[in-house]
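As the structure is a computational prediction, the values presented were derived from the model and not from experiment. Ligands are counted one by one from 1 in listed order, and the atoms in each one are counted from 1 as well.
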Amino acid sequence: MTAIDGLPPLRAVIAAHDLQARKALGQNFLLDLNLTAKIARAAGDLSGADVLEIGPGPGGLTRGLLAEGARRVVAVEKDARCLPALAEIAAAYPGRLEVIHGDALAFDAAAHLQSPIHIVANLPYNVGTELLVRWLTPAVWPPFWQSLTLMFQKEVAERIVARPGSSAYGRLALLVQWRAEARIVLRLPPEAFTPAPKVHSAVVHITRRAEPLYPANPVTLGQITTAAFGQRRKMLRSSLRGLGPDIEQQLLAADIEPTARAEEISLEKFCALARIVETGRGIS
Ligand code: SAM
């Protein structure tokens with residue numbers, strides 16, 4: 001039976017091109033085209049937008065993105081074995097799919113896509129967090145993308161959307177939520193993938209803010225949150241001691257109890273502390 005796009009079912013594609021999943025490349029494929037269409041829809045209205053997809057593999061999500069109306073999809077895949085299968089999809093959607101054989105970590109997306117740009121991916125777990133951090137820390141804000149719709153291991157997804165007071169709350173939550181809004185839009189059990197991974201997964205939808213939620217120097221904010229969560233069980237007056245001799249007064253000035261722990265402190269207060277530490281250094 002052929003799918004809505006006239007292309008063969010993904011199991012047939014995998015058999016025809018002998019795409020045995022390779023663990024080293026983080027290959028856990030989505031073979032249910034209803035599910036990949038659902039992920040594509042979670043990215044919002046893609047008509048009139050370019051989409052960057054990382055790791056298309058046999059192309060299930062790619063087909064979802066094209067069927068859901070993306071203007072153009074640029075898909076970066078490291079595994080050359082997948083290229084013939086992806087070429088078949090490109091032929092079924094003339095002029096709308098560009099496949100790049102390469103490493104997503106070395107890819108200059110802005111040079112290949114036109115605004116508005118959305119990033120959608122069932123990411124290889126070994127590079128997912130690194131790509132997310134890069135997309136959230138460009139030299140200038142706003143970044144080249146409007147939204148990110150990304151599959152993560154469930155625990156990573158929970159760290160991204162975590163609120164103060166939870167054990168998942170930490171640097172990743174602060175980094176994402178400072179510059180973007182994030183929510184989990186779909187949770188998937190291991191059996192949704194072929195082969196099934198050991199972990200559960202979740203799709204996170206992240207939309208960029210026009211500017212960070214509270215003013216702060218990103219370098220200072222990063223230094224503070226790295227130190228605070230690097231020793232998350234310690235009181236802040238102790239974990240932040242390395243920032244300078246005045247840290248206890250600076251914490252108080254930011255309305256933070258020096259005996260509090262990082263996990264209890266809101267993004268707003270971390271930003272207030274970053275501004276006070278900057279002033280103390282004579283920078284602002
Ligand atoms: N998108 C497909 C799907 O949903 O079925 C495949 C997802 S699989 C989890 C991850 C894909 O990323 C694989 O096809 C793998 O070859 C590819 N990949 C792994 N590391 C990569 C990298 N550094 N750059 C680009 N692609 C990569």
Check: Are any side-chain N or O atoms of Trp145 and backbone N or O atoms of Trp135, one a donor and one an acceptor, separated by less than 3.5 Å?
Finding: yes

Note to self: Main chain of Ala216, side chain of Trp178: is a donor-acceptor contact present, judged purely on distance under 3.5 Å?
What the structure shows: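 Side chain of Trp178 to backbone of Ala216, a donor-acceptor pair under 3.5 Å: no, none is there.
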
Notebook entry, point to check: Considering only heavy atoms, which protein residues lie less than 4.0 Å from any atom of ligand 1?
Noted result: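 Heavy-atom contacts below 4.0 Å: Leu25, Gly26, Gln27, Asn28, Phe29, Leu30, Glu53, Gly55, Pro56, Gly57, Val76, Glu77, Lys78, Asp79, Gly102, Asp103, Ala104, Asn122, Leu123, Pro124.
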
When you check the gap from the basic side-chain N to the acidic O, do [X] and [Y] get nearer than 4.0 Å?
X	Y	value
Arg159	Glu155	no
Glu158	Arg187	yes
Asp18	Arg81	no

Next item on the list: Could you walk me through whether Arg163 and Gln177 pass the side chain to side chain donor-acceptor pair (under 3.5 Å) test, one step at a time?
Entry: CA-CA 10 Å; Arg163 299 285 169 192; Gln177 294 171 32; 3.2 Å; yes

